[in-house]
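Here is the structure we will look at, set down as structure tokens.
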Amino acid sequence: MPSSTEDYTVLSNVVVTSQDVLNCCYSSWYPTFKDLTVSEAKIIRPLPAGFLNYLNEDDIRLPKVRPCERTPFSEVRPTSDNEYSDWSDDEDSSNAYQDPSEAFKDVHKTIISTISEFGGVVTPKLNWSAPQDATWMMVDNSTRCRSANDVYLLLKSSDYINHDLGYAFDIVTEESAQDEVKGLEFELVLKKWFDFNPAMEFRCFVKDRQLLAISQRDLNYYDFLEDLKDKIIDKIGACFDDSLLPKFESNSFTFDVYLDRDLRKVYLVDFNPFARTTSSYLFSWNELITGKFDAADPEIRLVTQHNSGRFACKEHSQNHVPKDVVDASMDSAAMVELAKEWERALRQKSDLADNSEEK
Ligand SMILES: Nc1ncnc2c1ncn2[C@@H]1O[C@H](COP(=O)(O)OP(=O)(O)OP(=O)(O)O)[C@@H](O)[C@H]1O
């Protein structure tokens with residue numbers, strides 16, 4: 001155990017300004033870099049108070065799906081239509097049910113028309129984050145949205161979205177952050193769905209305007225990547241020098257890219273602040289902040305056959321809830337039963353611990 005404060009490792013930190021956070025907001029960079037992205041995006045901004053209140057509500061009430069709003073997909077796959085979706089217009093039900101989209105009619109209509117304009121499938125995000133932690137709510141375990149209700153279900157179930165709504169400027173190390181929060185406009189981004197090959201997604205780390213490091217994003221082992229290492233560095237390096245650096249104003253930041261399989265084109269997926277809250281994948285933040293990298297020769301890290309087991313945990317799985325807990329939450333008697341079972345299990349565990357201590 002450390003005996004004095006000098007024995008503790010002091011974690012180095014980086015300066016993050018509110019302007020750095022704002023630069024990474026989708027609507028800040030998308031107009032400039034639109035041609036580099038994989039697919040078209042619609043930005044609905046500013047989001048009205050009615051929609052923000054709806055996102056902030058704890059319960060998940062979904063709008064009733066009217067027949068004219070059903071896409072060909074949602075007709076055959078009513079995944080996130082709730083029990084209200086197929087209501088007949090009998091009096092009792094219309095008295096009890098209040099359609100939440102009444103509070104944000106224009107946003108609701110724009111979402112429906114954008115899904116249709118983008119070929120029936122979109123993926124949503126707010127200013128900075130996509131609801132990747134809520135995919136367990138979806139039938140196909142993805143952020144694919146084929147209806148407005150898919151969009152609402154994902155956004156309302158996601159902690160990442162909640163973070164965008166309340167805590168995006170927490171990483172800022174300067175005092176003026178409070179002013180930025182006050183004037184902030186929220187936005188909903190709907191991106192046309194694009195099928196990514198996860199092996200070809202990379203996160204790139206830029207410190208003091210120099211590209212230092214590149215990490216594979218999907219934490220599975222792909223044997224073909226090893227032979228492509230040098231080419232990947234060259235392609236990403238050229239994209240950084242020619243297209244990103246001259247137009248992105250932060251000194252330090254991370255950017256995500258996607259390369260097509262024959263490495264002809266580098267597509268821009270996103271920007272994030274150069275901050276510990278951004279996932280550093282195969283690097284540690286301490287080495288990114290303090291490490292000796294050679295900007296003339298950025299380092300790339302891939303999952304290798306040797307280290308693949310280390311990353312076997314599922315990404316964004318920290319918010320997943322066991323299915324019996326979700327099922328029970330819909331039914332109070334089952335919730336009581338679940339609580340009792342939980343208590344029994346805890347008691348059993350503590351009895352076991354006591355027994356082993358006595359031995
Ligand atoms: N247009 C798209 N179609 C389908 N999938 C997409 C699309 N854009 C992004 N994705 C997938 O969603 C993932 C997350 O997207 P994005 O980077 O925009 O969200 P994020 O919340 O900012 O993520 P992170 O915090 O990891 O940077 C991407 O890595 C990619 O796999």
Side-chain angles (χ1 to χ4, degrees), residues 16 20-30 33-43 73 114-115 117-136 138 140-146 150-151 154-155 157-165 167-168 170-171 186-206 214-220 222 236 244 248 250 253-261 265-283 285 311 314-319:
V16 183
D20 289 329
V21 177
L22 289 172
N23 289 347
C24 295
C25 176
Y26 207 85
S27 61
S28 307
W29 61 262
Y30 180 69
F33 298 105
K34 188 176 175 192
D35 292 344
L36 283 178
T37 58
V38 287
S39 64
E40 258 181 281
K42 169 90 183 172
I43 302 174
F73 295 100
T114 305
I115 293 175
E117 185 190 332
F118 285 172
V121 195
V122 299
T123 180
K125 69 186 289 181
L126 290 198
N127 302 45
W128 297 276
S129 306
Q132 294 180 88
D133 56 331
T135 54
W136 60 281
M138 308 300 280
D140 63 358
N141 205 24
S142 80
T143 59
R144 260 189 207 89
C145 293
R146 296 177 169 98
D150 284 345
V151 174
L154 274 175
L155 297 181
S157 312
S158 166
D159 272 2
Y160 296 174
I161 294 301
N162 192 40
H163 185 272
D164 271 19
L165 290 172
Y167 310 95
D170 283 6
I171 52 170
F186 286 103
E187 63 200 35
L188 171 63
V189 182
L190 298 173
K191 298 194 269 180
K192 186 176 175 165
W193 184 264
F194 175 90
D195 271 320
F196 280 81
N197 171 357
M200 302 305 283
E201 288 192 73
F202 298 92
R203 173 153 296 169
C204 312
F205 300 88
V206 178
I214 300 170
S215 170
Q216 184 182 331
R217 285 190 75 186
D218 187 65
L219 300 178
N220 286 299
Y222 298 99
I236 294 178
L244 304 185
F248 196 78
S250 290
F253 56 96
T254 75
F255 63 95
D256 299 330
V257 289
Y258 177 71
L259 276 76
D260 56 9
R261 178 74 191 249
K265 184 160 175 167
V266 178
Y267 294 94
L268 175 65
V269 179
D270 199 17
F271 287 102
N272 276 305
F274 189 87
R276 287 180 182 276
T277 46
T278 299
S279 174
S280 56
Y281 291 98
L282 301 175
F283 293 88
W285 270 109
F311 313 111
K314 201 167 171 298
E315 246 203 302
H316 314 292
S317 57
Q318 68 277 20
N319 298 331

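For ligands, and for the atoms within them, numbers begin at 1 and follow the listed sequence.
When the side chain to side chain contact (heavy atoms under 4.5 Å, CB included) test is applied to Thr277, the partners found at least two apart in sequence or on another chain are Ile171, Ala275. With sequence neighbours excluded, the residues forming a side chain to side chain contact (heavy atoms under 4.5 Å, CB included) with Asp195 are Arg144, Trp193, listed by chain and number.
Within the 4.5 Å cutoff, the side chain of Asn197 has heavy atoms near those of the Tyr258 side chain. Taking 4.5 Å as the limit, some side-chain heavy atom of Glu187 sits within range of a side-chain heavy atom of Cys25. Taking 4.5 Å as the limit, every side-chain heavy atom of Thr37 sits out of range of all side-chain heavy atoms of Lys191.
Under the ring pair (Phe, Tyr, Trp, His ring centres under 6.0 Å) rule, Phe271 has a single partner from Tyr26, Trp29, Phe205, which is Trp29.
Separation of the Phe248 and Phe255 ring centroids does not fall under the 6.0 Å cut-off. Less than 6.0 angstrom separates the ring centroid of Trp285 from the ring centroid of Phe274.
By heavy-atom distance, the residue among Val122, Val257, Val269, Asp270 lying nearest atom 22 (O) of ligand 1 is Asp270. The heavy atom nearest to atom 7 (C) of ligand 1, considering only Phe271, Phe196, Phe194, is found in Phe196. Evaluated by nearest non-hydrogen atom to atom 26 (O) of ligand 1, the leading choice among Lys125, Glu40, Arg217 is Arg217.
Contact annotation: for Ala130 versus ligand 1, heavy atoms closer than 4.0 Å belong to both the backbone and the side chain. Residue contacts with ligand 1, taken as heavy atom pairs separated by less than 4.0 Å, involve Trp193 via backbone and side-chain atoms alike. Proximity of Asp195 to ligand 1, defined as any heavy-atom pair under 4.0 Å, is not found for any part of the residue. Here Tyr258 has no heavy atoms under 4.0 Å from ligand 1, in either its backbone or its side chain.
Within the listing of ligand 1, atoms 27 (O) sit less than 4.0 angstrom from a heavy atom of Asp256. Heavy-atom contacts of Arg203 reach the following atoms of ligand 1: 24 (P), 26 (O), 27 (O) (cutoff under 4.0 Å). The Ser129 neighbourhood of ligand 1 comprises atoms 21 (O), with distances under 4.0 Å to a heavy atom of that residue. Listed by number with element, the atoms of ligand 1 under 4.0 angstrom from any heavy atom of Lys191 are 1 (N), 8 (N), 9 (C), 18 (O). Interface of Glu201 with ligand 1, defined as ligand atoms under 4.0 Å from a residue heavy atom, comprises 28 (C), 29 (O), 30 (C), 31 (O). Per-residue contacts place Lys192 under 4.0 angstrom from the following atoms of ligand 1 (heavy atoms of the residue considered): 1 (N), 2 (C), 3 (N). Close approach of ligand 1 to Asn272 is summarised as follows: ligand atoms under 4.0 Å from at least one heavy atom of the residue are 27 (O). The ligand atoms of ligand 1 that sit less than 4.0 angstrom from a heavy atom of Ser39 are 1 (N).
Atom OH of Tyr167 has 12 or fewer heavy atoms from other residues, nucleotides or ligands within 6.0 Å. Crowding of Lys265 atom NZ: a count of heavy atoms from other residues, nucleotides or ligands under 6.0 Å exceeding 12.
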